[in-house]
Amino acid sequence: MNGESIPAKELNITLPDQTKKTYRTGITACEILREIGGKSPGNILAVKVNGMPVDINRPLTEDAVIELITFLTREGKEIYRHSTSHILALCVKKLFPDARLAIGPAIEDGFYYDFDLKRSFTQEDLEKIEAGIMEIIDSDIPFVRKEIRREEAIELFRKLGEPYKVEILEDIADETITVYQQGDFIDLCLGPHVPSSGKIGAVKLLSIAGAYWKGDEKRPMLQRVYGTSFPDKSELDSYLKRLEEIKKRDHRRLGRELDLFSISDDIGPGLVLWHPKGAVTRRIIEDFWKDEHYRADYEIVYSPHVAKLDLWGRSGHLDFYRENMYAPMKIDEVEFELKPMNCPFHIVIYKSHIRSYKELPIRWAELGTVYRYERSGVLHGLLRVRGFTQDDAHIFCMPDQLEAEISGALDLTLFILKTFGFDKYEIYLSTRPEKYVGTLSNWEKATSALERSLKERNLPYQTDPGEGVFYGPKIDIKIKDVLQRAWQCTTIQVDFNLPERFDITFVGEDGKEHRPIMIHRALMGSLERFFGILIEHYAGAFPLWLSPVQTIILPITDREREYSKEITERLRRAGIRSSLDDRNEKVGLKIREATLNKIPYMLIIGAREVKDNTVSIRKRSGEDLGVKKIEEIIDILKSEIGARLTT
RNA sequence: GCCGGCGUAGCUCAGGGGCAGAGCAGCUGAUUCGUAAUCAGCUGGCCGGAGGUUCGAUUCCUCCCGCCGGCUCCA
């Protein structure tokens with residue numbers, strides 16, 4: 001590289017199949033692969049040299065272990081999409097020479113590139129760019145890696161009129177900078193890349209969106225082009241199909257189609273109306289939640305929706321949470337505030353009388369409805385709202401009870417999440433940030449208590465150093481849905497701050513006052529959000545125990561109406577949510593509508609069933625379960641409901 | 001909040017300075033039917049809101065509201 005002559009030397013290379021060979025210095029992985037043949041080198045995007053991903057045509061200068069990188073690996077996808085984003089940039093520069101380049105990384109399932117351009121991209125531009133990209137791919141332009149000095153690079157990009165690149169360079173400490181050249185296009189990049197644009201198979205540009213430079217809203221708004229790429233058209237197609245599937249599962253669409261909830265302009269943004277059908281499922285969730293909390297030795301409390309502003313001053317929320325709170329309202333010359341959290345209320349209950357160590361731990365749970373101001377641009381169906389009900393609880397305990405309490409909360413949440421059909425998680429442990437309250441020894445104790453609880457349960461987790469809240473360390477759990485999307489639900493947070501601020505105490509064995517530790521925890525997070533996730537997870541086809549309507553009775557003609565009413569009544573008396581469709585319509589239509597409404601079981605009644613005192617039963621999947629006595633059906637359904645089956 | 005896109009019937013969507021449209025849904029009637037759509041008729045609209053341009057605005061312009069995709073944060 002750079003024309004320097006490399007001293008001739010023998011290199012010991014360990015090939016991907018573990019055989020060892022010697023080569024001359026300066027040989028590239030590409031040449032070696034071509035020589036040994038074997039696996040088709042066309043699939044090889046890059047190689048790992050001694051564990052480091054590098055370009056396939058980078059000369060080797062020392063003994064190395066070589067591994068292959070293909071699209072099948074995570075690194076391979078990243079290199080592939082990253083290269084595609086550079087091709088996108090090349091194309092945009094060609095079509096829009098005054099566009100300035102920002103950054104263009106690979107992301108999950110694709111890539112993006114940020115541009116600064118006077119006018120905004122249109123849908124038509126996107127199509128034009130996509131066509132241009134295909135041309136670049138067809139002309140198979142190589143990615144050429146170059147190393148230049150930092151000063152040189154800054155000069156280069158300054159001359160090219162790329163201020164964002166210059167800014168990036170100014171933040172880089174290294175003296176040697178890598179750039180990649182494709183034709184006459186040159187971009188700052190660490191690499192590696194695929195050897196040439198021809199490696200890219202199928203590309204689709206997906207959307208255009210605004211994005212601030214470096215995510216900072218005080219900096220310029222750039223235009224972000226999102227896209228994805230795959231080696232094969234069929235893989236791209238199945239990815240696009242997956243996007244369709246996600247769209248079909250969108251809880252906002254299903255919420256309307258299944259008449260579960262709505263958000264009305266007349267009420268206000270981010271405020272949810274639960275329709276009767278959604279309310280049924282919510283009630284089931286709440287009842288289950290309450291039962292399990294009683295079983296886990298929690299007590300249920302209730303608190304008002306508003307409180308004096310002073311309370312929020314004392315709690316500290318006015319200092320660090322104000323921009324998320326609704327504006328106060330003046331009542332009889334006193335300012336009141338809609339609550340964004342439940343904790344201060346539970347603390348005031350705690351303070352209502354002197355507490356003895358014998359009472360601890362105290363576990364108070366509340367389905368508490370809170371209101372938080374969210375910026376209009378972030379609201380999203382049920383997943384991001386301004387009024388929501390948390391499945392909240394606060395545990396007051398002594399330091400030596402902390403670990404048992406965290407363990408208890410973990411067990412409870414895993415049981416509850418599993419019951420709803422979520423058994424895959426991403427777990428995060430967030431530790432002490434730079435700004436914190438409480439003593440170092442308490443932080444250490446609490447953090448190791450959280451850690452031990454996770455380890456004891458063999459729960460894999462990721463540590464986020466310094467990501468804890470200022471008042472204590474926490475565990476966050478994201479659940480994975482059917483489509484493997486992760487959703488943040490559970491949070492278990494230790495709090496050293498509020499007990500201090502409200503000066504809450506308990507009387508110890510020694511007769512002296514001591515400070516309890518507080519744990520905040522929400523398991524489902526919020527009922528609204530959790531319901532939204534449930535809808536998408538099940539694509540609206542809830543398991544029997546959660547279905548708003550569990551069975552629908554479909555008489556074939558008017559002559560079966562009386563018998564059908566009787567059957568409906570019997571099901572209802574057995575506690576099964578049943579409705580009767582006795583409209584004068586063909587049974588085919590009734591089945592179609594019941595199927596679209598995702599009602600788990602359809603009971604069809606014709607003359608034969610009346611005569612034999614039976615019912616014909618069919619699942620929403622189309623599966624025909626045949627003819628059965630109503631007693632048997634009730635038994636089947638009740639056991640399925642009782643077991644809370646999720647399949 | 002910011003950037004971009006979009007607001008026409010309950011839903012999905014045409015239309016484009018001069019009478020407001022379709023399919024589905026809804027209503028009425030007929031049909032009494034066996035496992036995913038029976039037929040016919042009818043109803044339904046401040047074309048998101050306010051202002052402006054114009055003889056005339058749902059259409060063009062401005063502002064506002066809302067929704068959608070992102071940016072930051074988070075349940």
Side-chain angles (χ1 to χ4, degrees), chain A residues 112 114 116-117 119-123 125-126 206-226 247 250 252-253 256-257 259 262-266 268-270 321 323-324 340-341 368 370 372-392 469 476-478 487-491 520-530 532-533 554-561 583-597 602-609 616-627:
Chain A
Y112 67 78
D114 285 345
D116 191 351
L117 183 66
R119 77 172 181 87
S120 17
F121 288 126
T122 63
Q123 195 55 47
D125 293 336
L126 227 54
L206 296 165
S207 59
I208 317 154
Y212 296 107
W213 169 235
K214 294 196 169 171
D216 182 346
E217 56 190 86
K218 287 183 207 77
R219 315 210 55 179
M221 174 71 70
L222 309 172
Q223 293 188 65
R224 178 168 296 178
V225 176
Y226 283 94
K247 228 169 153 185
D250 192 314
R252 293 166 298 185
R253 174 214 279 250
R256 182 180 59 238
E257 287 175 358
D259 201 11
S262 62
I263 294 171
S264 166
D265 199 13
D266 296 328
Y321 207 70
E323 71 274 24
N324 281 297
M341 294 196 188
V370 297
R372 298 181 185 175
Y373 171 74
E374 296 283 0
R375 302 205 286 181
S376 61
V378 305
L379 300 174
H380 182 92
L382 293 179
L383 300 180
R384 197 64 188 271
V385 294
R386 284 184 179 158
F388 58 97
T389 301
Q390 286 184 305
D391 66 316
D392 205 0
V469 206
D476 289 326
I477 302 179
K478 291 185 181 181
W487 307 93
Q488 157 94 57
C489 290
T490 306
T491 182
H520 308 251
R521 40 112 293 187
L523 307 183
M524 298 180 284
S526 95
L527 292 176
E528 284 75 7
R529 181 181 168 77
F530 194 72
I533 295 166
L554 310 177
I556 290 170
T557 76
D558 287 351
R559 289 187 291 278
E560 293 88 37
R561 182 176 275 161
R583 292 173 305 164
N584 179 11
E585 294 289 355
K586 288 189 166 183
V587 75
L589 181 88
K590 295 184 187 183
I591 288 170
R592 176 182 156 79
E593 290 186 355
T595 307
L596 292 175
N597 286 325
M602 292 165 230
L603 307 184
I604 295 145
I605 294 171
R608 287 200 297 274
E609 285 78 11
S616 172
I617 180 165
R618 178 197 153 106
K619 283 187 164 185
R620 61 186 159 199
S621 61
E623 190 187 343
D624 188 349
L625 302 182
V627 173

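A, B, ... follow the sequence lines: proteins, then strands. Residue 1 opens every chain.
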Chemist: Based on the glycosidic angle (syn within 90° of 0, else anti), state the conformation of B:rC19.
Modeler: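 For B:rC19, whose glycosidic angle is within 90° of 0, the conformation is syn.
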Chemist: Please measure how far the C1' atom in B:rA25 lies from the corresponding atom in B:rU59, and state the result in whole Å.
Modeler: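 Here B:rA25 and B:rU59 have their C1' atoms 28 Å from each other.
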Chemist: For B:rG49 versus B:rC33, give the span between their C1' atoms, rounded off to a whole number of Å.
Modeler: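 It comes out at 50 Å once rounded to the nearest Å.
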Chemist: When we call it a touch if two heavy atoms are under 4.0 Å apart, what does A:Ser120 touch: a base, just sugar-phosphate, or nothing?
Modeler: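 Here A:Ser120 touches the backbone only, sparing every base.
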Chemist: Let's test this: given Watson-Crick or G-U wobble pairing with both distances under 3.5 Å, identify the partner of B:rG7.
Modeler: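 Matched B:rG7 with B:rC65 under the 3.5 Å cut-off.
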Chemist: Who is the Watson-Crick or G-U wobble partner of B:rU72, with both distances under 3.5 Å?
Modeler: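 Pairing partner: none.
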Chemist: May I have the distance from A:Tyr112 (atom OH) to B:rC3 (atom C1'), rounded to whole angstrom?
Modeler: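 Taking atom C1' of B:rC3 as the reference, OH of A:Tyr112 is at 15 Å.
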Chemist: Can you tell me whether the side chain of A:Asp624 and the base of B:rU35 have a donor-acceptor pair closer than 3.5 Å?
Modeler: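 Side chain to base: no pair below 3.5 Å.
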Chemist: Sticking with atom C1', work out how far B:rG66 lies from B:rG48, rounded to a whole angstrom.
Modeler: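 Rounded to whole Å, the distance is 7 Å.
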Chemist: Report yes if the side chains of A:Phe388 and A:Val370 come closer than 4.5 Å at any heavy-atom pair, otherwise no.
Modeler: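 Sidechains of A:Val370 and A:Phe388: in contact.
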Chemist: Counting only Watson-Crick pairs (N1-N3 plus N6-O4 or O6-N4) and G-U wobbles (N1-O2, O6-N3), all under 3.5 Å, who is the partner of B:rC47?
Modeler: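 Base partner found: none.
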Chemist: Starting at the 5' end of RNA chain B and moving along, which residue's nearest nucleotide shows up first, A:Ser621 or A:Gly381?
Modeler: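 Of the two residues, A:Ser621 wins.
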Chemist: Got a second to check how far A:Leu603's CG is from A:Arg618's CZ, nearest 0.5 Å?
Modeler: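 Rounded to the nearest 0.5 Å, the CG-CZ separation comes to 12.0 Å.
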Chemist: For B:rA14, give its Watson-Crick or G-U wobble partner with both distances under 3.5 Å, or none.
Modeler: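 Answer to the pairing question: none, since B:rA14 forms no Watson-Crick or G-U pair.
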Chemist: Once you round it to whole Å, what is the distance between C1' of B:rC33 and CD1 of A:Ile604?
Modeler: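 Rounded to whole Å, this separation is 13 Å.
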Chemist: Measuring from A:Met602:CE to A:Asn597:CG, what's the distance to the nearest 0.5 Å?
Modeler: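 Answer for the CE-CG pair, A:Met602 versus A:Asn597, is 9.0 Å.
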Chemist: Between B:rG69, B:rA37, B:rG1, which nucleotide has the shortest distance from any of its atoms to the side chain of A:Leu589?
Modeler: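 Comparing B:rG69, B:rA37, B:rG1 against the side chain of A:Leu589, the answer is B:rA37.
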Chemist: Taking A:Phe530's backbone N and O only, do any of them form a donor-acceptor pair with A:Glu528's side chain (distance below 3.5 Å, no angle check)?
Modeler: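 Here the side-chain-to-backbone pair does not exist.
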Chemist: How many angstroms lie between CZ in A:Arg521 and CG in A:Asp391, if you round to the nearest 0.5 Å?
Modeler: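 Here the rounded value is 6.0 Å.
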Chemist: Using Watson-Crick or G-U wobble geometry with both distances under 3.5 Å, which nucleotide pairs with B:rC60?
Modeler: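 Base partner found: B:rG52.
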Chemist: Would you indicate which nucleotide in B:rG34, B:rG1, B:rU32 comes nearest to any side-chain atom of A:Thr557?
Modeler: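 Closest nucleotide to the A:Thr557 side chain: B:rU32.
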Chemist: May I ask you to decide if A:Arg119's main-chain N or O and A:Gln223's side chain share a donor-acceptor pair within less than 3.5 Å?
Modeler: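 Yes.
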Chemist: With a 4.0 Å cutoff (strictly under), does any side-chain N or O of A:Arg119 reach OP1 or OP2 of B:rC3?
Modeler: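 No, because none of the side-chain N or O atoms of A:Arg119 sits under 4.0 Å from OP1 or OP2 of B:rC3.
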Chemist: Has A:Arg618 got a side-chain N or O lying under 4.0 Å from the OP1 or OP2 atom of B:rA36?
Modeler: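 Yes, because at least one side-chain N or O of A:Arg618 sits under 4.0 Å from OP1 or OP2 of B:rA36.
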Chemist: Taking side chain as C-beta onward, heavy atoms only, is A:Pro555 less than 4.5 Å from A:Glu609?
Modeler: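 Result no, sub-4.5 Å side-chain heavy-atom pair not found.
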Chemist: Looking at B:rC19, which nucleotide sits across from it as a Watson-Crick or G-U wobble partner, both distances under 3.5 angstrom, or is there none?
Modeler: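 Answer to the pairing question: none, since B:rC19 forms no Watson-Crick or G-U pair.
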Chemist: For the pair made of CD in A:Gln123 and P in B:rC3, what is the distance, rounded to whole Å?
Modeler: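 Going from A:Gln123 (CD) to B:rC3 (P), I get 20 Å.
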Chemist: Sticking with atom P, work out how far B:rG17 lies from B:rC73, rounded to a whole angstrom.
Modeler: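 Taking atom P in both B:rG17 and B:rC73, they lie 46 Å apart.
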Chemist: A:Ala594 near the nucleic acid: base, sugar-phosphate alone, or nothing, with a heavy-atom cut-off under 4.0 Å?
Modeler: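 A:Ala594: no heavy atom of the nucleic acid under 4.0 Å.
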Chemist: Expressed as a whole number of Å, how far does the P atom of B:rC3 sit from that of B:rC63?
Modeler: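 Looking at atom P only, B:rC3 and B:rC63 are 11 Å apart.
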Chemist: Any salt bridge between A:Arg252 and A:Asp250, counting N to O under 4.0 Å?
Modeler: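 Result for this pair is yes, salt bridge flagged.
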Chemist: If a protein heavy atom is under 4.0 Å from the base, mark B; if only from the sugar-phosphate, S; if neither, -; do that for nucleotides 70-75 of chain B going 5' to 3'.
Modeler: BBBBBB
Chemist: Between A:Glu593 (CD) and B:rC11 (C1'), how many Å, whole number?
Modeler: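 In whole Å, B:rC11 C1' lies 14 Å from A:Glu593 CD.
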Chemist: State which of B:rG69, B:rG1, B:rU35 makes the closest approach to the side chain of A:Val587.
Modeler: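 For the A:Val587 side chain, the nearest candidate turns out to be B:rU35.
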Chemist: Drop me the distance from A:Glu323's CD to A:Arg375's CZ, to the nearest 0.5 angstrom.
Modeler: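 The distance works out to 9.5 Å.
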Chemist: Which listed nucleotide (B:rA37, B:rG34, B:rU35) is nearest to the side chain of A:Ile591?
Modeler: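 Looking only at heavy atoms from C-beta outward on A:Ile591, the closest nucleotide is B:rU35.
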Chemist: Once you apply a heavy-atom cut-off of 4.0 Å, does A:Glu623 come out as touching a base, just sugar-phosphate, or nothing?
Modeler: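 Here A:Glu623 touches no strand at all.
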Chemist: Give a yes/no on whether any side-chain N or O of A:Arg561 is located under 4.0 angstrom from OP1 or OP2 of B:rU32.
Modeler: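 No, because none of the side-chain N or O atoms of A:Arg561 sits under 4.0 Å from OP1 or OP2 of B:rU32.
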Chemist: Give one of base, sugar-phosphate or nothing for A:Gly606, where a contact means two heavy atoms less than 4.0 Å apart.
Modeler: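 Result for A:Gly606 = base.
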Chemist: Could you state the atom-to-atom distance from CG of A:Leu596 to P of B:rC11 in whole Å?
Modeler: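 It works out to 18 Å between those atoms.
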Chemist: Rounded to the nearest 0.5 Å, how far apart are NZ of A:Lys590 and CD1 of A:Ile556?
Modeler: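 Those atoms lie 8.5 Å apart.
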Chemist: Supply the atom-to-atom distance A:Ile533 CD1 to A:Lys478 NZ, rounded to the nearest 0.5 angstrom.
Modeler: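 That separation rounds to 11.0 Å.
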Chemist: For B:rU8 versus B:rA50, give the span between their P atoms, rounded off to a whole number of Å.
Modeler: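 Their P atoms lie roughly 16 Å apart.
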Chemist: B:rC65 C1' sits how many Å from A:Asp265 CG, rounded?
Modeler: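 Nearest whole value for this atom pair: 7 Å.
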Chemist: With a non-hydrogen cut-off below 4.0 angstrom, is A:Arg559 in contact with a base, only sugar-phosphate, or nothing?
Modeler: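 Counting heavy atoms under 4.0 Å across all strands, the contact made by A:Arg559 is with sugar-phosphate only.
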Chemist: Quick one: A:Glu585 CD to B:rA25 C1', roughly how many Å, whole number?
Modeler: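 Rounded to whole Å, this separation is 13 Å.
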Chemist: If you measure from the C1' atom in B:rG70 to the same atom in B:rA14, how many Å do you get, rounded?
Modeler: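 The answer is 29 Å between these two C1' atoms.
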Chemist: For A:Tyr373 and A:Arg592, take the nucleotide of RNA chain B holding the closest heavy atom to each; which residue's nucleotide lies nearer the 5' end?
Modeler: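 With A:Tyr373 and A:Arg592 compared, the 5'-side residue is A:Tyr373.
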Chemist: Which nucleotide, if any, forms a Watson-Crick or G-U wobble pair with B:rU32, using both distances under 3.5 Å?
Modeler: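 Checking every strand shown, B:rU32 finds no partner, since no pair has both distances under 3.5 Å.
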Chemist: Rounded to whole angstroms, how far apart are CD1 on A:Ile208 and C1' on B:rG4?
Modeler: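 Computing the A:Ile208:CD1 to B:rG4:C1' distance gives 7 Å.
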Chemist: Partner of B:rC27 by Watson-Crick or G-U wobble geometry, both contacts under 3.5 Å, or none?
Modeler: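 In the structure as shown, B:rC27 has B:rG41 as its Watson-Crick or wobble partner.
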Chemist: At less than 4.0 Å, is any side-chain N or O atom of A:Arg253 found next to OP1 or OP2 of B:rU12? Yes or no.
Modeler: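 No.
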Chemist: Determine the interatomic distance between P on B:rG45 and the same-named atom on B:rA22; round to the nearest Å.
Modeler: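 It works out to 14 Å between them.
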